[in-house]
Every structure is written in C-alpha cells, then in structure tokens.
Amino acid sequence: MSADPLVAVLAEVVGPAHVLTDPDLTASYESDWTGRWAGRARCVVRPADTAQVTGVVRACATHAAPVVPQGGNTGLVGGSVPRGGEVLLSLARLDRVEPVDTLAGQVTAGAGVTLAALQRHAAQAGLSYGVDLAARDRATVGGMVATNAGGTHVVAYGTTRAQVVGLEAVLADGSVVSRLEGLPKDNVGYDLPGLLVGSEGTLAVVTRARLRLVPQLPHRVAALLAVPGLAAAVALVARLRSRVGGLQAVEYVERAGIELAVDQLGVADAFSSPHAAHLLVEVADHGDPTPLLADALDGADEVAEVAVADDGPGRTRLWRVREAQTEAIALAGVARKYDVTLPLSRLAAFRGDLDGVLAREAPGARAIVFGHLAEGNLHVNVLDADHLDDRLDAVVLGLVASHAGSISAEHGVGRHKAAYVHLGRDAADRAAMAAIKRALDPEGRLNPGVLFPAAR
Ligand code: 2HG
Ligand code: ZN
C-alpha cells in the first residue's frame, strides 16, 4: 500500500482496485501513443460515476493536488498525459450510454463512452452521430468534447461543438454543473457547456454529454480522385461545395503519405500509377448520390483518375490510405506534429512556403501532409526532425500565422502549443481567457501546463 495519504483517501472514494500506483499498471496512462509526451503520475484514479469524480476532485482540492483528466488517451498535443506528479484522472469507466431519445434526436453519453460505441448505439436507434475520426475505437466522448474534436465529417455536421446540446461537468472545487435537459432553445445566462467544449480539461472535468444525432443516410458513395497537387485539390473543393448537396467528407493525402502507408502498413495504393495527391470525397443522401457527384466532376480537368465505391467494403478500401496516415507516421518515427487551418485561398501558398521553411530549418526531414480539405485543415507531420530543438515549432507555427491561419485546428493546444497561443489570440483575448481560468480554477490545478504555459 502506498504511503501517500491522498492515495488512501482516493482508495476510499473509488475502491482500492481503481487507484493505481504500480508503474506496470500506470504506464499506459502516462505516455501518449506518438511517444512524444510522457510523465509519471502521482497515481492513476479510475472513478465509476459522477459522484466518484466529485469525490476525487474534492480530495485533490483538499490535498492541493493537480489533476490531469484523461479519456481514451488518443490526444496528440500532450493534453492528457502528466508532466510529472499530477493525479491522472481517467474517465474511462464512465462508459454508460443512455437510451436514444428518438423524439428529440439526442442521446446522453458518459465521458468514457468511445466514439465507436456511440456510433453503434445511435445506429441501433436508426440515427447517426455527426462526428467521425480514425481513432474511433479509443477516443471518448469526454476527450472529444474537451478538444472540440473535428474529424472527417465537419463539412457536413460541424465540429463536436455543434453536436453538444448540454454537458455535466465537475468544477475544480468538486461542485457539479448539470445541463442535460437537451432543450435546443435555452438562453438562461452564459453558455457554460459551450465554454467547456474545447477547454481541454483546464476549466472542469466533463462527466456526461447530451449530444445531437443526425439522420442515417442510407446511400453513400466514396470517390478517390487523383490530382496533381494541393492547388488542384482546393479548386475541386469549390466545385464540389457548390454542386454536391450531401458532402460528408473531403480528405486530402499526398504522395509521401500514400507511400508511407504502403511501406509501413502494406496498404494498397488504389491507382496503378503514382499521383502527386489524392482527394477522397464521400457523399451520402436518401437517394443514390452517384449521378450528382459524376455531374459535378464532369469536365474537372484536374482529375487524372477516379476510383469509386458505393458499398461498405469498397469504401473502406478507398479510405484505408487516409485512415492509416497517423499509424504509419508513428511506425516511421516520432514526428513533429502540427495541426493547422489555413484560409482555403492561402492553402497552396502556405504549402509551398512550408517546403521552403523545412528545407532551410530541417534539411533531410520528410513532410507528411494530409487533412480535412473542406476546412483548410492540414496535418503537417515532420519526420526525421526529432533531433531539432523547438525552433522548428516557432517557425512552422509562425508561418501559419503569417498566412492568417490557426495554429490549433482540431487536436487542441495542449502542452505542445501553450507557448504559441499569442500567434492566434491577441492580448485582450488572452486576458479574457486567463480571467476565465482564474475564476473557475483559481489554484490552477486542472491540467496545469495545458493551454497556459506552466509556471517556471
Ligand atoms: C486525422 O485526421 C487525425 O487522422 C490525426 O486528426 C492527424 O496524425 C495526425 O496528424
Ligand atoms: Zn484530423
């Protein structure tokens, strides 16, 4: 038994089996799967419900202990692993999903429900959840709310923020804010759930979410388009947006990423000849959307080759290269990851400048660039640059800012970008955010170092 008095108190709250201190048991909570972010926790605590989360947060307040909330630990910016010495609060056991309210088209899900489980649950009730992403088997509702996760369907349904009708969350002092009634119109004062979405565990611990569901669209077609590069792909976005109603996804992958997926994971390239980039378009509707998509692409000279699939296995095959990107990168090394949004009109210029910056700052590095093109969201992964210091972060993020982009599109700021928030928010904005943080977490114990740089 640990000599730490907080561990003993936590064991009373959640039961001794759910307070972990043995390094063999805590290890998987203490590092992220890219291998970049890691730190020892004081202990890992696994409450089962909101009442236990309250007990844990209260005990941590009494012991002045910092807390790092964690969902599925699929984050990529160091937002949910400890720096060292914090209590790691895993929400994984809050995995209860309530019956779908088909009248309202909503469901209430615990923070620990995985995206895949939520999707299955909604489907059983004849509905869908509007967010999808490759880490669906591990990413959880709480983590997706905390990061305002985007994913591949933002073009159709918006980010997680657009799905959240209400939240239940435990504040730093252990009190519970509960807005789970699911009223689409409810303007009594500040939108606290809206504030907590994307707050990355720095203002409260999300325990449950009331989520909007969307209609199931039975006819779905995916088309993989071979294109000569980013400028051509962007031109196609404009064409598709204006002519295709049921756009679900518009995803971009470059040659280097296609080859990486082939080399690392044995994924097959859909085309027999190599192309500079692929644009993956998915369209869904109540009737067959194929003719509409074909019409929209008629005369699109940018497209060199097309592969189409309208059945499940065929679509999965077309998606494989895109969905394999993160895993293939992780297998190839510890990448420097930048998750950025650019105005679509600046995207191609940014991409060109990025190559120049990398050639200068990181000679020999490999850039794997892919992303959600309809939102101008690129995932810039730089391999073989791990030996470089953080100057590369400043230069790449500075380049993004100089093109009027955002340095944090959908993964969050985390610890990675806490020192660069000034590139996206001016002084008044940062002061307002700091005031909110002080008001809700006056002792700075919730996810220290995330969003706001850690005090030295
Ligand atoms: C995706 O779009 C994820 O697949 C991960 O946001 C992106 O690994 C990345 O850079
Ligand atoms: Zn993404």
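In each ligand, atom 1 is the first atom listed, and ligand 1 is the first ligand listed. Hydrogens, waters and symmetry mates play no part in the numbers below; they use all other heavy atoms, side chains included. Quantities reported herein were computed from a predicted structural model and do not represent experimental measurements.
Side chain of Arg179 to main chain of Arg210: no donor-acceptor pair is present (N/O by atom type, distance under 3.5 Å, no hydrogens or angles).
A salt bridge between Arg243 and Asp298 is absent, with no side-chain N of the basic residue lying under 4.0 Å from a carboxylate O of the acidic one. The pair Asp269-Arg255 counts as a salt bridge, with a side-chain nitrogen and a carboxylate oxygen less than 4.0 angstrom apart. Using a 4.0 Å cut-off between a side-chain N of Lys or Arg and a carboxylate O of Asp or Glu, Glu259 and Arg366 do not qualify as a salt bridge.
Metal site remark for the Zn ion (ligand 2): His411 contributes no N, O or S atom at a distance under 2.8 Å.
For the 3.5 Å distance criterion, the side chains of His275 and Glu305 qualify, holding a donor opposite an acceptor. Side chains of Arg136 and Tyr129: a donor-acceptor N/O pair is absent below 3.5 angstrom, by distance only.
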Dump all N/O pairs between ligand 1 and the protein below 3.5 Å as a table: atom names plus distance, one pair per row.
from, atom 1, to, atom 2, distance (Å)
ligand 1, 2 (O), Arg322, NH2, 2.7
ligand 1, 2 (O), His372, NE2, 3.0
ligand 1, 2 (O), His379, NE2, 3.1
ligand 1, 4 (O), Arg322, NH1, 3.2
ligand 1, 4 (O), Arg322, NH2, 3.4
ligand 1, 6 (O), His379, NE2, 3.1
ligand 1, 6 (O), Glu410, OE2, 3.0
ligand 1, 6 (O), His411, NE2, 2.6
ligand 1, 8 (O), Thr326, OG1, 2.7
ligand 1, 8 (O), Lys337, NZ, 3.0
ligand 1, 10 (O), Asn381, ND2, 3.0

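The N, O or S atom of His379 lying closest to the Zn ion (ligand 2) is NE2. Its N, O or S atom nearest to the Zn ion (ligand 2) is what matters here, and for Glu410 that atom is OE2.
The aromatic rings of His403 and Phe350 sit perpendicular to each other, their planes meeting at more than 60°, with 30° as the lower class boundary.
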